[in-house]
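What you are looking at is a predicted structure, and each value in this text was computed from that prediction instead of being measured. All values below come from the heavy atoms of this structure, side chains included, with hydrogens, waters and symmetry mates left out.
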Amino acid sequence: EGTTWSGSGEAAHLDKISCGMNDDPMASGPDASALAASDTVIIVAYHLPIIITRTAGGGYNVEWDDDRGLNRDGMNLPSQCIYIGCIDMEVTDEAEQESIERLLLENYSCVVLFLEPELKAAYYHGFCRGYLTPILHNQMHQHRGVDPFQEGEWRAYCTVNRLFAAKVMEVYSPGHMIWVHDYHLMLLPSCILRKLRSAKIGLFIHAPFPASDLWGSVAVRTELLRSLLNADLLGFLLFEYTRNFLTSCKRLLGLEHEFKSGGFLGVDFGGRHVTVQVSTFGVSPSLLENHLPDRLAPPAAASARDELKDLRAELDAPAASPRRLLAGVDYLDRFKGVQLKLLAWEAMLAAYPRYRAGHTLVQVMVASRNQVKLVADARDVRADIETIVRRIRASYPGALHYAEVERLSLAARMQLWQMSDVIVYSTVREAVNAHPLEYVVARAAGKLPAGVAVLSEFSGFSRVLNGSLVMNPFSTEAVMGALETALEMPPAEKEARARKDLAHIRANTAEDWARRFLTDLKSMQRKKEDHWMAVGFGLASFRMVGMGADFKPLDTQQVLLSYRAAAQRVVLLDWGGTLTPADTGFYDVREEGKYEVPSSVLTTLRQLCADPHNHVMVISGLGRDTVDAAFGSVPGLSLAVEHGFHYRIKSGPWQQLLPGVNTSWREVAEAVMAVYTTRTLGAYMQKKGSSMSWNFSSADPEFGALQARELQYQLQAALEGAPVVVRVGKGYV
């Protein structure tokens with residue numbers, strides 16, 4: 001559905017328009033009361049779900065992009081939606097930018113962000129596609145003379161996320177929900193919360209999330225991870241990606257997760273509870289059916305047929321025999337695994353002569369000129385594919401139809417799906433690819449015999465389309481076996497598999513996915529400005545800290561007034577982390593023989609102790625000799641060491657909390673701890689006077705926690721009856 005507009009933003013020609021908000025009430029059901037027409041959702045994505053092109057008369061043709069899952073018709077939300085994002089058309093003239101901004105805002109509720117070409121190249125093609133995409137798809141970067149992480153590209157990523165945040169603030173009003181999409185905008189929650197501390201923010205990652213060791217190779221892993229945790233609701237397509245994210249949080253930030261009622265997972269971060277949702281993406285069957293050949297207007301149907309004219313000409317040639325088609329439409333991207341597909345098809349033709357005639361693999365590559373020009377390995381991927389294509393065409397004429405196009409419309413794909421008996425996707429890593437869903441709907445809606453979807457086990461939808469044939473794309477034998485099974489499958493089995501997949505597609509549509517996510521986001525507890533505090537500088541340490549409704553910040557002025565008015569004052573001071581920087585855990589500089597407390601600290605302590613109305617005590621977990629050597633020169637200072645086991649009141653004698661206590665348990669505890677230290681890489685023992693600790697904070701988090709639990713049981717059994725308590729804390733026993 002397209003609309004043509006004049007350059008001034010006023011309608012010059014209106015063929016068929018369906019713009020503005022969908023104010024129809026939501027269908028009745030259990031979720032009917034969740035979202036209302038009065039709700040407003042700000043949907044933020046790098047690409048706006050619209051297609052805008054210039055017309056010959058100097059105006060613009062605008063249409064919703066049905067290929068983008070976020071388009072208004074596909075989600076069919078009852079709420080008011082404001083879209084924020086970029087358009088593909090390059091616009092450098094400021095007057096034209098203003099004209100397009102006004103046009104899209106007034107007629108499509110879209111706020112467009114224009115990026116300078118250099119900034120866009122560094123941000124999108126550099127950091128997003130060049131740096132993040134391989135890692136998200138479980139591909140480790142290789143250093144080949146140049147650091148894959150470029151500081152300039154990272155700064156561009158930060159800049160663009162701040163620009164998006166500025167656009168959000170232009171349209172935000174209290175009560176609006178903000179829904180951010182995909183890895184292009186992972187810093188956006190932090191950027192927004194710096195200005196809008198009570199905003200409800202949801203973020204759905206459409207890409208896979210890698211294993212924790214792969215994510216650990218990201219140079220700015222902490223900055224991105226903390227920003228993700230500044231959202232209120234995080235969504236992932238599969239539990240595998242969710243598990244990887246939660247493991248990264250545990251390994252890199254030391255955060256634990258827990259299961260919540262209703263099928264949610266949660267992470268506590270800085271006093272806030274971040275909800276993590278596993279939610280399957282879908283398509284809109286009704287929208288897809290509107291693009292079937294028999295439902296399109298004649299001009300649109302002709303245009304779709306024209307996109308496939310080369311394939312039709314090849315199939316309709318006088319000398320051509322009837323052929324069964326196996327089809328795939330892939331982007332020119334190394335993660336699509338097209339080379340693996342072509343190699344398997346070549347091997348199948350060599351091994352099974354019966355498939356050389358009457359069978360054609362249709363491989364369509366979608367590659368824009370900018371993608372080939374700016375994506376680093378696009379030209380290499382193209383060269384590899386074309387080498388295999390030439391070889392197959394030379395050896396097996398008619399067995400392969402290969403085409404490279406800038407765009408293949410949804411209508412053209414629906415026609416291709418109806419022509420194909422089998423679709424084949426051999427991706428090496430992929431989260432969202434709706435083509436298998438389109439294929440099932442296209443054949444069912446067209447009343448055609450069911451086909452077969454052959455999908456890589458590394459694609460997201462292979463986990464949810466149980467009727468598909470799933471194979472390992474890295475095994476040529478496995479791909480060949482799946483293709484043979486698909487081509488020889490009895491019609492009854494095809495129909496049974498297709499019915500199963502169609503039932504899932506109709507039960508998990510794009511509408512259901514969007515409403516489910518936004519309903520959960522809306523149900524998040526409303527935040528109040530005064531319950532949250534922004535902590536940290538820069539991106540690595542910035543986070544929102546929840547203070548709770550009863551939190552009362554320290555009023556330093558009131559403390560001074562109370563101090564001056566009091567007749568007697570007690571001042572209790574911790575040593576490590578308060579009077580001096582905290583120790584590193586495995587190495588404590590304070591226990592070195594030449595260590596001295598800074599003179600400024602000792603001077604301040606002397607001044608406090610000189611006041612007869614003050615009682616000042618320094619508290620430490622270190623031993624008596626160490627603490628006495630550091631602070632013994634301060635007259636009138638009380639000391640409590642080993643967490644209070646030994647103490648001295650002012651300049652009096654040292655006393656023991658439990659005089660004459662039996663300490664023979666230390667040898668037993670040390671022997672048991674030594675065994676677990678040897679068996680747990682990264683763990684170490686510490687002896688501090690009356691206590692002993694086994695620290696596993698530097699060990700593998702999961703293994704360390706298991707070993708700590710076993711060590712706790714062993715110590716409790718070995719030390720039963722001894723005057724000692726075994727406690728487990730965060731990273732230690």
Side-chain angles (χ1 to χ4, degrees), residues 127-143 147-149 154 157 182-184 186-187 203-229 231 234-259 265-267 269 274 276-281 333-337 340 377 425-433 455-464 470-475 540 680-682 696-707:
F127 192 79
C128 293
R129 299 287 300 170
Y131 185 72
L132 281 182
T133 297
I135 294 174
L136 292 173
H137 290 76
N138 273 5
Q139 301 289 315
M140 182 79 77
H141 280 295
Q142 295 182 359
H143 291 251
D147 188 350
F149 175 78
W154 165 241
Y157 187 84
D182 221 1
Y183 68 98
H184 312 93
M186 286 197 286
L187 285 180
L203 193 154
F204 192 90
I205 301 293
H206 297 254
F209 198 90
S212 59
D213 53 346
L214 264 296
W215 182 256
S217 69
V218 177
V220 287
R221 61 193 187 182
T222 304
E223 290 87 333
L224 295 175
L225 210 55
R226 286 186 183 278
S227 182
L228 291 176
L229 291 169
L234 277 171
F236 296 92
L237 181 73
L238 301 176
F239 177 69
E240 174 191 343
Y241 310 150
T242 308
R243 182 184 60 218
N244 290 343
F245 169 75
L246 295 173
T247 303
S248 296
C249 290
K250 182 176 179 65
R251 289 177 178 271
L252 299 176
L253 301 178
L255 302 177
E256 301 287 346
H257 66 272
E258 58 183 351
F259 287 89
L265 291 147
V267 178
F269 177 61
V274 182
V276 185
Q277 179 197 77
V278 183
S279 185
T280 302
F281 193 83
D333 190 319
R334 64 185 166 114
F335 303 111
K336 302 304 179 183
L340 302 175
D377 57 0
Y425 284 90
S426 54
T427 178
V428 299
R429 188 74 170 171
E430 185 178 59
V432 176
N433 180 359
L455 305 180
S456 163
E457 66 183 61
F458 302 107
S459 64
F461 284 115
S462 68
R463 323 289 177 87
V464 296
V470 180
M471 49 73 179
N472 176 8
F474 295 101
S475 169
T680 311
L681 294 177
F696 63 95
S697 58
S698 298
D700 180 275
E702 285 83 5
F703 184 61
L706 290 173
Q707 292 289 79

(message) Please evaluate residues Leu246 and Thr242 with respect to the criterion side chain to side chain contact (heavy atoms under 4.5 Å, CB included), reporting the C-alpha separation (whole Å), side-chain torsions for both, the decisive distance (0.1 Å), and the verdict.
(response) CA-CA 6 Å; Leu246 295 173; Thr242 308; 4.1 Å; yes
(request) Would you mind reporting whether Leu255 and Phe269 have side-chain heavy atoms less than 4.5 Å apart? (result) yes
(request) For residues Pro473 and Thr427, report the shortest heavy-atom separation together with the two atoms involved. (result) CG-O, 3.6 Å
(request) Would you kindly say whether Ser462 and Tyr425 are connected by a side-chain donor-acceptor distance under 3.5 Å? (result) no
(request) Could you check whether the rings of Phe245 and Phe209 sit parallel, tilted or perpendicular, using 30° and 60° as the cut-offs? (result) perpendicular
(request) Could you tell me whether a side-chain N or O of Ser475 sits under 3.5 Å from a main-chain N or O of Asn472, the two making a donor and an acceptor? (result) no
(request) Of all the heavy-atom pairs spanning Met186 and Leu203, show the shortest one and how long it is. (result) CA-CD1, 4.4 Å
(message) Run the side chain to side chain contact (heavy atoms under 4.5 Å, CB included) test on Leu253 and Arg226 for me, step by step, so that the C-alpha distance in whole Å, both residues' side-chain angles and the decisive distance to 0.1 Å come before the verdict.
(response) CA-CA 9 Å; Leu253 301 178; Arg226 286 186 183 278; 4.1 Å; yes
(request) Would you please test Glu430 and Arg463 for salt bridge (Lys or Arg N to Asp or Glu O under 4.0 Å) and show each step? (result) CA-CA 12 Å; Glu430 185 178 59; Arg463 323 289 177 87; over 6 Å; no
(request) Report yes if the side chains of Leu225 and Val218 come closer than 4.5 Å at any heavy-atom pair, otherwise no. (result) no
(message) Which label fits Phe458 and Phe474: parallel for a plane angle under 30°, tilted from 30 to 60°, or perpendicular past 60°?
(response) perpendicular
(message) In the structure I gave you, are the side-chain heavy atoms of Ser212 and Asn244 within less than 4.5 Å of one another anywhere?
(response) no
(message) Just so I know, are the side chains of Leu234 and Gln277 near enough to count as touching, which here means a heavy-atom distance under 4.5 Å?
(response) no
(message) Are Leu252 and Trp215 packed together at the side-chain level, in the sense that at least one heavy-atom pair is separated by less than 4.5 angstrom?
(response) yes
(message) I want to know whether Phe281 and Phe461 have ring centres closer than 6.0 Å.
(response) no
(request) Report the C-alpha separation of Arg129 and Asp333 in whole Å, then their side-chain angles, then the decisive distance to 0.1 Å, and conclude whether the salt bridge (Lys or Arg N to Asp or Glu O under 4.0 Å) test is met. (result) CA-CA 10 Å; Arg129 299 287 300 170; Asp333 190 319; 2.8 Å; yes
(request) Test His141 against every option in Leu214, Ile135, Asp147 by the side-chain contact (heavy atoms from CB on, under 4.5 Å) rule and name the one that passes. (result) Ile135
(message) How close do Tyr131 and Ser217 get, counting heavy atoms only, and between which atoms?
(response) OH-O, 3.8 Å
(request) Report the C-alpha distance between Val428 and Phe335 in whole Å, list the side-chain angles of each, state the deciding distance to 0.1 Å, and finish with yes or no for side chain to side chain contact (heavy atoms under 4.5 Å, CB included). (result) CA-CA 5 Å; Val428 299; Phe335 303 111; 4.2 Å; yes
(request) For Ser698 and Gly682, work out which heavy atoms get closest and say how close. (result) CB-O, 3.7 Å
(message) For Ala207 versus Tyr183, what's the shortest heavy-atom pair and its separation?
(response) CB-CD2, 3.8 Å
(request) Please report the closest heavy-atom contact between His137 and Pro208, naming both atoms and the distance. (result) NE2-CD, 3.8 Å
(request) Quick one: pull up SG in Cys249 and NE2 in His257 and give me the separation to the nearest 0.5 Å. (result) 10.0 Å
(message) Looking at Thr247 and Arg243, would you say the former's side chain and the latter's main chain have a donor-acceptor pair under 3.5 Å?
(response) yes
(request) Check whether the side chains of Gln707 and Thr680 place a donor and an acceptor atom closer than 3.5 Å, and report yes or no. (result) yes
(request) Please say whether more than 12 non-hydrogen atoms of neighbouring residues, nucleotides or ligands are located less than 6.0 Å from CG in Leu681. (result) no
(message) Are the side chains of Arg334 and Pro134 in contact, using a 4.5 Å heavy-atom criterion?
(response) yes
(request) Please state whether the rings of Phe127 and Tyr157 are parallel, tilted or perpendicular, taking 30° and 60° as the class boundaries. (result) tilted
(message) Could you check whether any side-chain heavy atom of Leu228 comes within less than 4.5 Å of a side-chain heavy atom of Ile205, counting everything from C-beta outward?
(response) yes
(message) When you compare the side chain of Lys250 with that of Glu256, does any pair of heavy atoms fall below 4.5 Å?
(response) yes
(message) Any side-chain to backbone donor/acceptor pair from Arg429 onto Asn138? Under 3.5 Å, distance only.
(response) no
(request) Please assess Asp213 against Arg251 for the test salt bridge (Lys or Arg N to Asp or Glu O under 4.0 Å), listing each intermediate value before the final yes or no. (result) CA-CA 9 Å; Asp213 53 346; Arg251 289 177 178 271; over 6 Å; no
(message) Given 3.5 Å as the limit, does a donor-acceptor pair link the side chain of Ser426 with the main chain of Gly337, or not?
(response) yes
